[in-house]
Number of protein chains: 2
Amino acid sequence: MSPAPEGYDPRAFTPFAVTVDLAVFTVREERLHVLLVERGQEPYRGRWALPGGFVLPRESAEEAARRELAEETGLTQESVCAFHLEQLRTYTDPDRDPRMRVVSVAYAALVPDLPEPRGGGDAARARWWETGRTGPLAFDHDRILADAHDRIGARLEYSCLATAFCPAEFTLGELQQVYETVWDVTLDRPNFRRKVLTTPGFVEAVEGPPRRTGGRGKPAALYRAGAATALHPPLLRPEGRTT
Amino acid sequence: MSPAPEGYDPRAFTPFAVTVDLAVFTVREERLHVLLVERGQEPYRGRWALPGGFVLPRESAEEAARRELAEETGLTQESVCAFHLEQLRTYTDPDRDPRMRVVSVAYAALVPDLPEPRGGGDAARARWWETGRTGPLAFDHDRILADAHDRIGARLEYSCLATAFCPAEFTLGELQQVYETVWDVTLDRPNFRRKVLTTPGFVEAVEGPPRRTGGRGKPAALYRAGAATALHPPLLRPEGRTT
DNA sequence: CTTCTTTATAGTCAGTGTGACCATAAAGAA
DNA sequence: TTCTTTATGGTCACACTGACTATAAAGAAG
């Protein structure tokens with residue numbers, strides 16, 4: 001019996017606060033970064049935390065997450081619509097917030113390399129942190145961040161999601177960099193090419209072969225994200241092999 | 001800023017009710033079944049629904065799910081500890097319950113074939129339903145059930161979870177039946193054997209080769225669930241192939 | 001007691017995908 | 001020019017899988 005049990009009494013349930021927490025990831029300078037905000041109040045004053053906030057009375061958690069994503073990145077609601085956002089899991093430990101009973105629905109967002117965030121609406125400091133170099137975060141956010149990292153690492157294996165970290169047009173080298181950064185491995189370049197190009201719908205070549213400059217070396221062809229979302233067969237991490 | 005935002009005011013947040021909903025799956029008679037309870041009250045009176053209930057003030061959602069699982073199956077807390085239980089996702093549509101704002105954390109439980117449930121503590125009728133033959137369920141439970149089915153189908157590909165549907169000792173034929181039932185496909189028996197037996201830690205042979213009777217045909221060797229949880233490389237469904 | 005049916009188990013073989021390579025092309029830097 | 005760097009094209013052996021054949025061991029049918 002649910003959502004509300006049979007013997008339903010409006011005063012029988014415990015009131016909870018419901019929040020969303022966002023792990024916003026990006027790849028910059030060959031490192032995985034996550035967006036954090038500095039807390040200006042107790043508890044955990046001065047500690048860094050995942051951005052997030054209350055779910056409002058008439059919105060879903062996903063809408064709340066999308067709203068927070070726009071606020072924290074300083075972009076418009078429309079522009080963040082294109083970003084990949086997915087629900088991770090919900091954290092419900094009774095003591096996770098010392099002040100009150102709060103359950104938090106965690107989301108992971110994957111964004112291309114964005115400018116440094118403006119100092120969020122409420123003047124809180126916000127910046128990109130290299131994952132693994134974040135000090136201890138507020139609340140249970142270390143755990144959420146670790147779970148989020150694990151999840152997107154796994155998602156790269158079975159989905160075409162890596163393109164969500166790239167700009168509209170990208171080279172295969174950049175796409176490979178996403179995998180190498182998130183998984184913290186190095187991949188064989190020709191093999192990676194073969195896998196991506198033989199998977200229908202993963203990427204599509206940009207016509208009129210323009211090529212990208214940027215550094216030394218032969219210019220690379222440009223690609224766009226394709227229509228496929230699943231990756232069959234998967235692209236398994238070099239470790240993970242039991243064989 | 002989260003779980004509670006910076007400008008925190010104890011009366012600023014909307015109070016939500018938080019519930020858990022359980023999709024309890026089992027395989028019986030070569031069909032996937034799910035445990036449902038009949039609603040005795042409005043709304044959706046007379047409709048069937050996933051079992052669930054409020055999260056209590058001092059428990060986590062997982063504890064609440066485990067508690068409900070014990071109540072609905074009529075087993076003790078200790079015995080349900082062995083069952084696989086995993087958080088699926090959280091449903092937060094503002095209108096999902098017409099009476100009040102309720103967010104529900106959905107869990108999937110995998111159990112071996114159990115006896116028909118006793119008539120739950122609160123006299124609600126409960127029974128196993130073959131998936132796909134459930135009428136429209138109460139609330140958004142059709143959606144939750146479909147999501148849960150999708151999820152466990154995907155989990156079978158990459159994990160050794162199928163053993164959770166089996167009793168302590170089982171034959172490879174029974175294990176194969178789990179895959180065929182959840183995926184609704186037929187698998188080649190020798191190939192399935194090979195895959196399971198060459199995956200270290202998926203199953204371990206029961207010593208002193210006792211063999212199981214039950215029907216006609218050659219008796220089968222018995223196996224126990226092994227220590228492995230991940231399945232590398234995965235056992236992909238016959239469809240799912242993009243190749 | 002055969003014969004048939006059913007299920008379990010053992011093995012073969014070709015095709016696919018992958019990891020580990022090697023080779024060449026095209027750019028900037030020395 | 002030569003070196004270095006990155007992109008791209010290709011080969012080869014191995015691992016895994018799907019399809020298939022064959023044999024073993026039980027109950028059922030005659």
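By convention in this document, chain letters (A, B, ...) are assigned in the order of the sequence lines, proteins followed by strands, and residues within each chain are numbered from 1.
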Looking at [options], which one has an atom nearest to any side-chain atom of [X]?
| X | options | result |
| --- | --- | --- |
| B:Lys218 | D:dA7, D:dA26, D:dA24 | D:dA24 |
| A:Arg194 | D:dG27, D:dC12, D:dT21 | D:dC12 |
| B:Pro190 | D:dT5, C:dT9, D:dA26 | C:dT9 |
| B:Asp188 | D:dT8, D:dA26, D:dC20 | D:dC20 |

Checklist entry - Applying a 3.5 Å limit to both distances, which nucleotide forms a Watson-Crick or G-U wobble pair with C:dA30? => result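 Looking at the geometry, C:dA30 pairs with D:dT1.
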Quick one: [X] [atom1] to [N] [atom2], roughly how many Å, whole number?
| X | N | atom1 | atom2 | answer |
| --- | --- | --- | --- | --- |
| A:Leu172 | D:dG9 | CG | C1' | 13 Å |
| A:Asn191 | C:dT16 | CG | P | 18 Å |
| B:Leu235 | D:dG18 | CG | P | 8 Å |
| A:Arg193 | C:dA25 | CZ | P | 15 Å |
| B:Arg189 | C:dG11 | CZ | P | 18 Å |
| B:Leu236 | C:dT16 | CG | C1' | 13 Å |
| A:Leu222 | D:dA7 | CG | P | 11 Å |
| A:Leu175 | D:dT6 | CG | P | 17 Å |

Checklist entry - Between A:Tyr223 and A:Phe170, does the ring centroid distance fall short of 6.0 Å? => result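 Judged by ring-centre distance (under 6.0 Å), A:Tyr223 and A:Phe170 do not meet the cut-off.
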Next on the checklist: Between A:Phe25 and A:Phe165, is the ring centroid distance below 6.0 Å?
Outcome noted: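 When the ring centroids of A:Phe25 and A:Phe165 are compared, they turn out to be at least 6.0 Å apart.
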Checklist entry - Just wondering, more than 12 heavy atoms not from B:Asn191 lying within 6.0 Å of its CG? => result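 Result for CG/B:Asn191: enclosed.
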Next on the checklist: Please determine whether a side-chain nitrogen or oxygen atom of A:Lys195 lies at a distance below 4.0 Å from atom OP1 or OP2 of C:dT18.
Outcome noted: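 So the side chain of A:Lys195 is within the cut-off, an N or O lying under 4.0 Å from OP1 or OP2 of C:dT18.
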Item to check | B:Asp147 side chain near B:Arg89 side chain, heavy-atom distance below 4.5 Å | outcome: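 They are in side-chain contact.
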Next on the checklist: Could you report the tightest heavy-atom contact between A:Arg67 and A:Gln77, atom names first, then the distance?
Outcome noted: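 For A:Arg67 versus A:Gln77, the nearest heavy atoms are CA-NE2, 3.5 Å.
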